[in-house]
K.L.:
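Okay, handing you the structure first.
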Amino acid sequence: MEEQPVLTGVEGRVGTITLNRPKQLNALDDALMDALGEALLRFDADESIGAIIIGGSEKAFAAGADIAAMARWSYMDVYRRDFITRNWDTVRRVRKPVIAAVAGYAMGGGCELALACDIVIAADTARFALPEVRLAMLPGAGGTQRLPRAIGKAKAMDMCLSARVLDATEADRYGLVSRVVPLCALRAESMALAASIARYSLPALMAIKESVNRAWESALGEGMLFERRELHARFASEDAKEGMAAFLEKRDPVFTHR
Ligand code: DAK
């Protein structure tokens with residue numbers, strides 16, 4: 001029987017997605033990206049899910065776009081099929097928090113996929129690089145755009161132009177990842193973080209995610225205005241009333257995600 005390119009699971013309010021082409025180091029081909037997008041959208045639509053984790057194997061989160069597939073394509077193939085935009089951008093449509101749990105290689109498109117997630121937890125074995133220049137390609141799934149915003153122009157240029165590989169400690173120092181944990185703790189730490197996030201009010205999480213992304217993608221004035229409107233909108237939320245009442249009554253809040 002053919003292997004599923006991604007495996008999914010549910011633990012409490014957390015949806016897990018595991019990239020599953022271990023022999024190809026989770027190289028991202030169309031079948032995998034289609035399946036990943038489908039799983040992300042399914043969890044995003046599922047009322048019982050509050051946060052999503054994307055992980056890979058111990059050796060590789062993902063070693064990039066599938067070079068064997070790309071080697072066969074012409075300009076017309078990728079233009080007409082809208083390569084990348086068609087199925088790689090799905091992660092950007094997800095409104096719930098998405099955590100990348102990265103062990104081993106996060107190369108090229110694998111690094112870009114991690115960058116497109118909201119939080120990156122790296123095992124101490126994680127290795128990040130945008131080595132497309134070695135193929136005479138370029139990081140075309142957001143690498144030249146998200147990386148400078150995440151770690152600054154100088155370091156992004158260094159990574160994109162020299163194919164330099166960052167270890168987990170450097171990636172942490174540069175702000176590419178949120179935390180580094182021992183490999184043996186990656187799964188448990190990612191799950192604990194996701195579960196703690198998923199306990200909060202879902203509309204509040206979605207509003208926070210949207211506001212932070214607005215900061216990332218717009219000028220400060222625009223972002224501040226957006227944040228203010230999102231804050232005002234919290235006053236229409238049942239959970240916000242409950243959260244404040246619970247604080248004043250010195251008890252735990254019971255959120256209904258409304
Ligand atoms: N694609 C296909 N197969 C891959 C692969 C990849 N990216 N990475 C590894 N594999 C396969 C290998 O071919 C090998 O297969 P077999 O020979 O066993 O059949 C198997 O996985 C194990 O790999 P290695 O034998 O190489 O394993 P090592 O431990 O020795 O080395 C490595 C691990 C990660 C250092 C090495 O595999 C490596 O350098 N892989 C390639 C990394 C890379 O260059 N990644 C960037 C891919 S390019 C675009 C938008 C986006 C992109 C491009 C265009 N446009 C909008 C136009 C994005 C491009 C990329 O991501």
Side-chain angles (χ1 to χ4, degrees), residues 2-7 17-37 40 54-93 98 100-117 120 122-151 155-171 176-177 183 186 217:
E2 208 169 297
E3 293 264 30
Q4 299 295 315
V6 306
L7 306 175
I17 302 174
T18 306
L19 311 180
N20 187 41
R21 294 185 77 209
K23 286 193 199 112
Q24 294 81 19
L25 305 184
N26 292 328
L28 305 165
D29 65 358
D30 263 349
L32 189 152
M33 293 313 290
D34 285 344
L36 173 62
L40 283 167
I54 303 177
S57 69
E58 279 198 5
K59 181 157 184 193
F61 177 71
D66 190 313
I67 299 168
M70 283 197 303
R72 295 192 298 268
W73 295 340
S74 67
Y75 167 78
M76 226 16 106
D77 291 331
V78 296
Y79 182 69
R80 291 193 53 176
R81 290 164 53 205
D82 212 4
F83 176 48
I84 302 293
T85 314
R86 187 179 68 75
N87 52 8
W88 286 53
D89 276 354
T90 312
V91 65
R92 293 182 60 205
R93 287 165 48 199
V98 181
V102 177
Y105 297 111
M107 300 279 197
C111 182
E112 291 172 306
L113 175 61
L115 278 168
C117 294
V120 182
D124 48 11
T125 60
R127 298 287 178 272
F128 297 87
L130 292 175
E132 285 86 345
V133 68
R134 289 201 315 230
L135 308 171
M137 296 290 275
L138 92 160
T144 66
Q145 303 303 304
R146 287 201 181 98
L147 195 66
R149 286 169 169 79
I151 69 174
K155 288 187 166 62
M157 281 287 192
D158 188 356
M159 282 183 73
C160 291
L161 296 176
S162 75
R164 177 170 174 226
V165 179
L166 298 187
D167 64 23
T169 310
E170 282 177 302
L176 202 157
V177 307
L183 174 62
L186 180 65
E217 287 171 5

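On a predicted model such as this, the values are computed, not experimentally measured, just so you know. Counting starts at 1 for both ligands and their atoms, in listed order.
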K.L.:
Among all protein heavy atoms, pick the one closest to atom 47 (C) of ligand 1 and tell me residue, atom and distance.
P.N.:
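Nearest neighbour among protein heavy atoms for atom 47 (C) of ligand 1, to 0.1 Å: Ala65 O, 3.8 Å.
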
K.L.:
For ligand 1, is there an N or O atom under 3.5 Å from any N or O atom of Ile67?
P.N.:
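The answer is yes, given that Ile67 and ligand 1 share an N or O pair closer than 3.5 Å.
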
K.L.:
Are there protein heavy-atom neighbours of atom 36 (C) of ligand 1 below 4.0 Å?
P.N.:
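Protein heavy atom within 4.0 Å of atom 36 (C) of ligand 1: absent.
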
K.L.:
Identify, for atom 56 (C) of ligand 1, the protein heavy atom at the shortest distance, and state residue, atom and that distance.
P.N.:
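It is Ile84 CG1, 3.5 Å.
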
K.L.:
At a 4.0 Å cut-off, with the gap strictly under it, does some heavy atom of Arg127 reach an atom of ligand 1?
P.N.:
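Outside the 4.0 Å threshold, so no.
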
K.L.:
Is Val78 close enough to touch ligand 1? Criterion: a residue heavy atom under 4.0 Å from a ligand atom.
P.N.:
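It does not, in that no heavy atom of Val78 comes within the 4.0 Å cut-off of ligand 1.
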
K.L.:
Starting from atom 11 (C) of ligand 1, what is the nearest protein heavy atom, named by residue and atom, and what distance separates them?
P.N.:
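Ranking protein heavy atoms by distance from atom 11 (C) of ligand 1, first comes Gln24 CA, 4.0 Å.
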
K.L.:
Just which atoms of ligand 1 are under 4.0 Å from any heavy atom in Gly108?
P.N.:
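Near Gly108, the atoms of ligand 1 are 46 (C), 61 (O).
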
K.L.:
Can you confirm whether something in the protein, heavy atoms only, sits under 4.0 Å from atom 25 (O) of ligand 1?
P.N.:
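Within 4.0 Å of atom 25 (O) of ligand 1, no protein heavy atoms are found.
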
K.L.:
Which residue and atom name correspond to the protein heavy atom nearest atom 31 (O) of ligand 1, and how close is it?
P.N.:
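Here the closest protein heavy atom is Tyr105 OH, 4.3 Å.
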
K.L.:
Give the residue, atom name and distance (to 0.1 Å) of the protein heavy atom nearest atom 15 (O) of ligand 1.
P.N.:
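For atom 15 (O) of ligand 1, the nearest protein heavy atom is Lys23 O, 4.3 Å.
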
K.L.:
Which residue and non-hydrogen atom of the protein lie closest to atom 8 (N) of ligand 1, and at what distance in Å?
P.N.:
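Of every protein heavy atom, Ala63 CB, 3.4 Å lies nearest to atom 8 (N) of ligand 1.
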
K.L.:
For atom 5 (C) of ligand 1, what is the closest protein heavy atom, and at what distance to 0.1 Å?
P.N.:
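Here the nearest protein heavy atom works out to Ala27 CB, 4.0 Å.
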
K.L.:
For atom 23 (O) of ligand 1, what is the closest protein heavy atom, and at what distance to 0.1 Å?
P.N.:
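For this ligand atom, the closest protein heavy atom is Leu25 CD1, 3.6 Å.
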
K.L.:
As a check for students: among Arg21, Glu132, Lys59, identify the option with a heavy atom nearest to atom 58 (C) of ligand 1.
P.N.:
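It is Glu132 that holds the nearest heavy atom.
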
K.L.:
Say whether Phe83, considering both its backbone and side-chain N or O atoms, lies within less than 3.5 Å of an N or O atom on ligand 1.
P.N.:
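No, no N or O pair falls under 3.5 Å.
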
K.L.:
Please indicate whether Glu58 has more than 12 foreign heavy atoms, meaning atoms of other residues, nucleotides or ligands, lying under 6.0 Å from its CD.
P.N.:
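Check fails, neighbour count at 12 or below.
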
